[in-house]
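Contents: one structure, followed by commentary.
Side-chain atoms are counted along with the backbone in the values below, which use heavy atoms only and exclude waters and symmetry mates.
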Number of protein chains: 2
Amino acid sequence: MANPLQTRFHADDIAQAEHYLATDPPAELDPRVERLVNDLIGRIADKWTLLVLELLEEKGVLRFSAIGRQIDGISQKMLTQTLRQMERDGLLTRTVHPVVPPRVDYALTPLGNSLSAAFCGVWVWAERHLDIVEAARATFDARD
Amino acid sequence: MANPLQTRFHADDIAQAEHYLATDPPAELDPRVERLVNDLIGRIADKWTLLVLELLEEKGVLRFSAIGRQIDGISQKMLTQTLRQMERDGLLTRTVHPVVPPRVDYALTPLGNSLSAAFCGVWVWAERHLDIVEAARATFDARD
DNA sequence: CTGTATCCACAGTGATACTG
DNA sequence: CAGTATCACTGTGGATACAG
(Lines give C-alpha, C1' and ligand atoms only; values in the text may rest on other atoms or scores of the structure.)
Protein backbone atom coordinates (compact mmCIF):
# COMPACT_ATOMS: atom_id res chain seq x y z
CA MET A 1 0.00 0.00 0.00
CA ALA A 2 1.30 3.42 -0.93
CA ASN A 3 2.36 5.60 1.96
CA PRO A 4 2.60 9.28 1.01
CA LEU A 5 4.57 10.33 4.04
CA GLN A 6 7.11 7.63 3.54
CA THR A 7 7.67 8.75 -0.02
CA ARG A 8 7.70 12.34 1.07
CA PHE A 9 10.44 11.96 3.66
CA HIS A 10 13.55 9.99 2.85
CA ALA A 11 14.54 7.32 5.32
CA ASP A 12 17.79 9.20 5.90
CA ASP A 13 15.92 12.29 6.96
CA ILE A 14 13.76 10.39 9.39
CA ALA A 15 16.82 8.74 10.82
CA GLN A 16 18.35 12.17 11.25
CA ALA A 17 15.24 13.45 12.96
CA GLU A 18 15.43 10.58 15.39
CA HIS A 19 19.05 11.45 15.87
CA TYR A 20 18.05 14.98 16.88
CA LEU A 21 15.67 13.64 19.47
CA ALA A 22 18.03 11.01 20.81
CA THR A 23 21.17 13.07 21.26
CA ASP A 24 21.80 15.78 23.79
CA PRO A 25 20.82 19.27 22.69
CA PRO A 26 23.22 22.18 23.32
CA ALA A 27 23.53 23.08 26.98
CA GLU A 28 23.42 26.88 26.69
CA LEU A 29 20.07 28.63 26.32
CA ASP A 30 20.34 32.24 27.33
CA PRO A 31 17.48 34.62 26.49
CA ARG A 32 19.29 36.05 23.48
CA VAL A 33 19.70 32.67 21.90
CA GLU A 34 16.10 31.91 22.74
CA ARG A 35 14.96 35.05 20.97
CA LEU A 36 17.01 34.23 17.92
CA VAL A 37 15.63 30.72 17.83
CA ASN A 38 12.12 32.11 18.10
CA ASP A 39 12.78 34.49 15.26
CA LEU A 40 14.20 31.70 13.18
CA ILE A 41 11.26 29.43 13.86
CA GLY A 42 8.86 32.26 13.10
CA ARG A 43 10.47 32.70 9.72
CA ILE A 44 10.76 29.07 8.69
CA ALA A 45 7.36 28.11 10.03
CA ASP A 46 5.32 30.31 7.76
CA LYS A 47 2.76 28.81 5.46
CA TRP A 48 4.48 29.09 2.11
CA THR A 49 7.94 28.11 3.32
CA LEU A 50 6.52 24.93 4.77
CA LEU A 51 4.75 24.08 1.54
CA VAL A 52 7.80 24.76 -0.62
CA LEU A 53 9.95 22.73 1.75
CA GLU A 54 7.55 19.83 1.57
CA LEU A 55 7.22 20.00 -2.20
CA LEU A 56 10.95 20.11 -2.90
CA GLU A 57 11.57 17.35 -0.40
CA GLU A 58 9.14 15.20 -2.33
CA LYS A 59 10.01 16.17 -5.89
CA GLY A 60 13.71 16.91 -5.73
CA VAL A 61 14.54 19.59 -8.32
CA LEU A 62 11.86 21.90 -9.66
CA ARG A 63 11.80 25.05 -11.73
CA PHE A 64 10.04 28.25 -10.72
CA SER A 65 6.84 27.75 -12.66
CA ALA A 66 6.55 24.11 -11.60
CA ILE A 67 6.59 25.11 -7.95
CA GLY A 68 4.01 27.81 -8.59
CA ARG A 69 1.76 25.34 -10.35
CA GLN A 70 1.90 22.74 -7.61
CA ILE A 71 1.33 25.02 -4.65
CA ASP A 72 -2.29 26.00 -4.65
CA GLY A 73 -3.09 29.65 -4.10
CA ILE A 74 0.42 31.06 -4.00
CA SER A 75 0.95 34.28 -5.94
CA GLN A 76 4.03 34.87 -8.04
CA LYS A 77 5.09 37.56 -5.65
CA MET A 78 4.92 35.35 -2.59
CA LEU A 79 6.64 32.50 -4.41
CA THR A 80 9.57 34.72 -5.38
CA GLN A 81 9.74 36.16 -1.90
CA THR A 82 9.59 32.78 -0.19
CA LEU A 83 12.22 31.27 -2.47
CA ARG A 84 14.55 34.23 -1.91
CA GLN A 85 14.22 33.96 1.86
CA MET A 86 14.87 30.24 1.77
CA GLU A 87 17.86 30.74 -0.48
CA ARG A 88 19.16 33.41 1.86
CA ASP A 89 18.74 31.09 4.83
CA GLY A 90 20.69 28.40 3.00
CA LEU A 91 17.70 26.07 2.74
CA LEU A 92 17.76 25.75 -1.03
CA THR A 93 19.93 26.46 -4.07
CA ARG A 94 18.88 28.60 -7.00
CA THR A 95 20.42 27.60 -10.32
CA VAL A 96 19.98 29.92 -13.30
CA HIS A 97 20.48 28.30 -16.69
CA PRO A 98 21.64 30.84 -19.30
CA VAL A 99 19.16 29.82 -21.96
CA VAL A 100 16.17 31.42 -23.64
CA PRO A 101 13.59 31.21 -22.35
CA PRO A 102 15.24 31.44 -18.94
CA ARG A 103 15.15 28.38 -16.73
CA VAL A 104 15.75 28.47 -12.98
CA ASP A 105 15.96 25.31 -10.92
CA TYR A 106 15.41 25.08 -7.21
CA ALA A 107 16.52 22.24 -4.95
CA LEU A 108 16.90 21.76 -1.23
CA THR A 109 20.35 21.88 0.32
CA PRO A 110 21.32 19.36 2.99
CA LEU A 111 20.32 22.05 5.48
CA GLY A 112 16.90 22.25 3.84
CA ASN A 113 16.54 18.51 3.95
CA SER A 114 17.42 18.42 7.62
CA LEU A 115 14.82 21.09 8.36
CA SER A 116 12.24 19.12 6.44
CA ALA A 117 13.13 16.12 8.54
CA ALA A 118 12.77 18.15 11.73
CA PHE A 119 9.29 19.15 10.63
CA CYS A 120 8.39 15.57 9.87
CA GLY A 121 7.20 15.05 13.43
CA VAL A 122 4.93 18.09 13.22
CA TRP A 123 3.43 16.87 9.96
CA VAL A 124 2.75 13.48 11.37
CA TRP A 125 1.27 15.05 14.47
CA ALA A 126 -1.02 17.29 12.44
CA GLU A 127 -2.18 14.41 10.31
CA ARG A 128 -2.74 12.18 13.30
CA HIS A 129 -4.58 14.70 15.42
CA LEU A 130 -6.53 16.56 12.77
CA ASP A 131 -9.77 14.86 13.72
CA ILE A 132 -9.22 15.40 17.42
CA VAL A 133 -8.57 19.09 16.87
CA GLU A 134 -11.67 19.48 14.72
CA ALA A 135 -13.74 17.66 17.32
CA ALA A 136 -12.35 19.93 20.02
CA ARG A 137 -13.31 22.97 17.96
CA ALA A 138 -16.81 21.69 17.40
CA THR A 139 -17.24 21.12 21.12
CA PHE A 140 -15.83 24.54 21.92
CA ASP A 141 -18.05 26.28 19.37
CA ALA A 142 -21.13 24.40 20.57
CA ARG A 143 -21.11 25.95 24.03
CA ASP A 144 -21.30 29.75 24.05
CA MET B 1 25.51 20.09 33.71
CA ALA B 2 22.11 21.71 33.34
CA ASN B 3 20.35 21.05 30.07
CA PRO B 4 17.50 23.47 29.38
CA LEU B 5 15.96 21.47 26.59
CA GLN B 6 15.88 18.35 28.67
CA THR B 7 14.08 20.17 31.42
CA ARG B 8 11.80 21.79 28.89
CA PHE B 9 10.64 18.58 27.27
CA HIS B 10 9.58 15.68 29.44
CA ALA B 11 11.16 12.34 28.67
CA ASP B 12 7.69 11.00 27.92
CA ASP B 13 7.13 13.60 25.26
CA ILE B 14 10.43 12.88 23.59
CA ALA B 15 9.62 9.20 23.65
CA GLN B 16 6.31 10.00 22.03
CA ALA B 17 7.97 12.14 19.38
CA GLU B 18 10.25 9.23 18.57
CA HIS B 19 7.16 7.08 18.43
CA TYR B 20 5.68 9.39 15.78
CA LEU B 21 8.77 9.07 13.67
CA ALA B 22 9.12 5.34 14.12
CA THR B 23 5.59 4.20 13.37
CA ASP B 24 3.80 4.24 10.05
CA PRO B 25 1.87 7.41 9.33
CA PRO B 26 -1.68 7.22 7.98
CA ALA B 27 -1.81 5.97 4.41
CA GLU B 28 -4.38 8.43 3.03
CA LEU B 29 -3.28 11.92 1.99
CA ASP B 30 -5.79 13.39 -0.40
CA PRO B 31 -5.57 17.09 -1.25
CA ARG B 32 -8.36 18.01 1.14
CA VAL B 33 -6.59 16.45 4.09
CA GLU B 34 -3.39 18.08 2.96
CA ARG B 35 -5.08 21.48 2.90
CA LEU B 36 -6.53 20.96 6.34
CA VAL B 37 -3.17 19.90 7.67
CA ASN B 38 -1.59 22.97 6.16
CA ASP B 39 -4.22 25.17 7.72
CA LEU B 40 -3.70 23.50 11.05
CA ILE B 41 0.05 23.90 10.85
CA GLY B 42 -0.37 27.52 9.84
CA ARG B 43 -2.44 28.15 12.93
CA ILE B 44 -0.33 26.29 15.47
CA ALA B 45 2.95 27.50 14.04
CA ASP B 46 2.37 31.16 14.70
CA LYS B 47 4.77 33.06 16.89
CA TRP B 48 2.73 33.45 20.07
CA THR B 49 1.22 29.98 20.05
CA LEU B 50 4.67 28.48 19.90
CA LEU B 51 5.89 30.60 22.79
CA VAL B 52 2.87 29.82 24.96
CA LEU B 53 3.21 26.14 24.16
CA GLU B 54 6.84 26.18 25.15
CA LEU B 55 6.23 28.13 28.33
CA LEU B 56 3.40 25.93 29.58
CA GLU B 57 5.34 22.81 28.70
CA GLU B 58 8.14 24.05 30.90
CA LYS B 59 6.18 25.56 33.77
CA GLY B 60 3.08 23.37 33.96
CA VAL B 61 0.17 25.48 35.25
CA LEU B 62 0.20 29.25 34.92
CA ARG B 63 -2.32 32.02 35.37
CA PHE B 64 -3.09 34.67 32.78
CA SER B 65 -0.86 37.41 34.12
CA ALA B 66 2.05 35.04 34.71
CA ILE B 67 2.06 34.03 31.07
CA GLY B 68 1.88 37.64 29.97
CA ARG B 69 4.80 38.53 32.21
CA GLN B 70 7.03 35.74 30.95
CA ILE B 71 6.45 36.18 27.23
CA ASP B 72 8.30 39.23 26.13
CA GLY B 73 6.47 41.66 23.90
CA ILE B 74 3.05 40.05 23.85
CA SER B 75 0.09 42.38 24.27
CA GLN B 76 -2.90 41.52 26.41
CA LYS B 77 -5.03 41.30 23.30
CA MET B 78 -2.78 38.81 21.56
CA LEU B 79 -2.38 36.77 24.72
CA THR B 80 -6.15 36.45 25.14
CA GLN B 81 -6.57 35.65 21.47
CA THR B 82 -3.81 33.07 21.43
CA LEU B 83 -5.08 31.36 24.57
CA ARG B 84 -8.63 31.24 23.20
CA GLN B 85 -7.48 29.68 19.95
CA MET B 86 -5.40 27.12 21.77
CA GLU B 87 -8.28 26.31 24.08
CA ARG B 88 -10.57 25.96 21.09
CA ASP B 89 -8.10 23.62 19.42
CA GLY B 90 -7.97 21.50 22.56
CA LEU B 91 -4.33 22.32 23.27
CA LEU B 92 -4.90 23.72 26.74
CA THR B 93 -7.49 23.95 29.50
CA ARG B 94 -8.79 27.17 30.96
CA THR B 95 -9.84 26.97 34.60
CA VAL B 96 -11.70 29.89 36.11
CA HIS B 97 -11.60 30.08 39.90
CA PRO B 98 -14.66 31.87 41.29
CA VAL B 99 -12.76 34.14 43.63
CA VAL B 100 -12.09 37.83 43.88
CA PRO B 101 -9.90 38.94 42.38
CA PRO B 102 -10.53 36.47 39.56
CA ARG B 103 -7.94 33.82 38.92
CA VAL B 104 -7.67 31.85 35.69
CA ASP B 105 -5.27 28.96 35.30
CA TYR B 106 -3.99 27.60 32.03
CA ALA B 107 -2.39 24.21 31.48
CA LEU B 108 -1.59 22.07 28.48
CA THR B 109 -3.80 19.11 27.71
CA PRO B 110 -2.23 15.79 26.65
CA LEU B 111 -2.88 16.99 23.10
CA GLY B 112 -0.94 20.15 23.80
CA ASN B 113 1.90 18.17 25.30
CA SER B 114 2.05 15.92 22.27
CA LEU B 115 2.20 18.94 19.97
CA SER B 116 4.99 20.39 22.03
CA ALA B 117 6.81 17.10 21.69
CA ALA B 118 6.30 17.13 17.93
CA PHE B 119 7.88 20.57 17.78
CA CYS B 120 10.80 19.41 19.88
CA GLY B 121 12.65 18.33 16.75
CA VAL B 122 12.18 21.74 15.17
CA TRP B 123 13.43 23.49 18.27
CA VAL B 124 16.50 21.35 18.42
CA TRP B 125 17.08 21.91 14.72
CA ALA B 126 16.78 25.67 15.09
CA GLU B 127 19.16 25.72 18.01
CA ARG B 128 21.63 23.47 16.26
CA HIS B 129 21.62 25.29 12.94
CA LEU B 130 21.22 28.86 14.08
CA ASP B 131 24.84 29.66 13.36
CA ILE B 132 24.77 27.98 9.98
CA VAL B 133 21.68 29.93 8.96
CA GLU B 134 23.18 33.20 10.09
CA ALA B 135 26.37 32.44 8.20
CA ALA B 136 24.34 31.62 5.10
CA ARG B 137 22.55 34.94 5.40
CA ALA B 138 25.79 36.84 5.80
CA THR B 139 27.17 35.17 2.68
CA PHE B 140 23.98 35.86 0.76
CA ASP B 141 23.87 39.50 1.81
CA ALA B 142 27.53 40.00 0.99
CA ARG B 143 27.12 39.37 -2.72
CA ASP B 144 24.69 41.73 -4.48
C1' DC C 1 -7.10 40.22 38.06
C1' DT C 2 -8.87 38.96 33.71
C1' DG C 3 -10.67 40.15 30.45
C1' DT C 4 -13.69 43.02 26.34
C1' DA C 5 -14.27 47.01 23.15
C1' DT C 6 -12.66 50.50 20.26
C1' DC C 7 -9.70 52.80 17.39
C1' DC C 8 -5.74 53.22 14.45
C1' DA C 9 -1.28 52.45 12.09
C1' DC C 10 1.20 49.68 9.33
C1' DA C 11 3.12 45.49 7.33
C1' DG C 12 1.83 41.56 4.60
C1' DT C 13 -0.66 40.08 0.62
C1' DG C 14 -2.83 39.71 -3.96
C1' DA C 15 -3.86 41.60 -8.47
C1' DT C 16 -2.14 43.69 -12.28
C1' DA C 17 0.99 45.41 -15.50
C1' DC C 18 5.41 45.47 -17.23
C1' DT C 19 10.62 43.87 -18.36
C1' DG C 20 14.96 41.10 -19.68
C1' DC D 1 9.97 31.92 -18.51
C1' DA D 2 11.16 34.23 -14.50
C1' DG D 3 10.91 37.63 -12.46
C1' DT D 4 10.27 43.22 -10.82
C1' DA D 5 7.23 47.27 -9.84
C1' DT D 6 3.30 49.40 -8.36
C1' DC D 7 -0.86 49.93 -5.88
C1' DA D 8 -4.95 49.07 -3.22
C1' DC D 9 -6.53 46.56 0.44
C1' DT D 10 -7.14 43.82 4.42
C1' DG D 11 -6.11 41.92 8.58
C1' DT D 12 -2.94 41.81 12.36
C1' DG D 13 -1.54 43.69 16.17
C1' DG D 14 -0.64 47.57 19.58
C1' DA D 15 -2.49 51.22 22.61
C1' DT D 16 -5.95 52.71 25.35
C1' DA D 17 -10.00 52.75 27.97
C1' DC D 18 -13.29 50.42 30.38
C1' DA D 19 -16.05 46.44 32.74
C1' DG D 20 -17.10 42.24 35.71
In whole Å, what is the span from the [atom1] atom of [X] to the [atom2] atom of [N]?
| X | N | atom1 | atom2 | result |
| --- | --- | --- | --- | --- |
| Leu83(A) | dT4(D) | CG | C1' | 15 Å |
| Tyr106(B) | dC1(C) | OH | P | 14 Å |
| Lys47(B) | dG12(C) | NZ | C1' | 15 Å |
| Gln81(A) | dG3(D) | CD | C1' | 13 Å |
| Arg63(A) | dG3(D) | CZ | P | 10 Å |
| Gln85(A) | dA11(C) | CD | C1' | 13 Å |
| Arg103(A) | dG20(C) | CZ | C1' | 19 Å |
| Leu79(B) | dT12(D) | CG | C1' | 16 Å |

Would you please say whether a donor-acceptor pair under 3.5 Å links the side chains of Ser116(B) and Asn113(B)? no

Applying the 4.5 Å side-chain criterion to the ILVMFWY set and letting contacts propagate, would [X] and [Y] be lumped into a single cluster?
| X | Y | answer |
| --- | --- | --- |
| Leu53(A) | Ile132(B) | yes |
| Tyr106(B) | Val99(B) | no |
| Val96(B) | Val61(B) | no |
| Val133(A) | Phe140(A) | no |

If we only count heavy atoms from C-beta on, is the Val104(B) to Arg63(B) side-chain gap below 4.5 Å? no

Distance test, side-chain N/O of Ser75(B) to OP1/OP2 of dG13(D), below 4.0 Å: no

Arg84(A) side-chain N/O to dT4(D) phosphate OP1/OP2 under 4.0 Å: yes

Is a side-chain donor or acceptor of Thr139(A) paired with a backbone partner of Ala135(A) at a separation under 3.5 angstrom? yes

Are the side chain of Thr109(A) and the backbone N or O of Leu91(A) linked by a donor-acceptor pair below 3.5 Å? yes

Would you mind checking if Glu87(A) and Arg143(B) are paired as a salt bridge, meaning a charged N to carboxylate O distance below 4.0 Å? yes

Which nucleotide wins on minimum distance to the side chain of [X], given the candidates [options]?
| X | options | value |
| --- | --- | --- |
| Met78(A) | dT2(C), dT13(C), dG3(D) | dT13(C) |
| Thr80(B) | dA2(D), dG14(C), dG3(C) | dG3(C) |
| Lys77(A) | dT13(C), dC1(C), dG13(D) | dT13(C) |
| Pro101(B) | dG3(D), dC1(C), dG14(D) | dC1(C) |
| Pro102(B) | dG20(D), dT13(C), dG3(C) | dG20(D) |

Base, sugar-phosphate or nothing for Gly73(B)? Non-hydrogen atoms, less than 4.0 Å. sugar-phosphate

Within residues 86-98 of chain B, find the residues that approach DNA chain C with a heavy atom at under 4.0 Å, and present them sorted by residue number. Arg94(B)

Between the first and last five pairs of the helix from dC1(C)-dG20(D) to dG20(C)-dC1(D), the angle of the axes, rounded to 10 degrees: 50°

Once hydrogens and angles are ignored, does a donor-acceptor distance under 3.5 Å link the base of dG14(D) to the side chain of Gln76(B)? no

Could you check Phe64(A) against Leu83(A) for side-chain contact (heavy atoms from CB on, under 4.5 Å), going step by step and ending with a plain yes or no? CA-CA 9 Å; Phe64(A) 185 84; Leu83(A) 289 171; 3.8 Å; yes

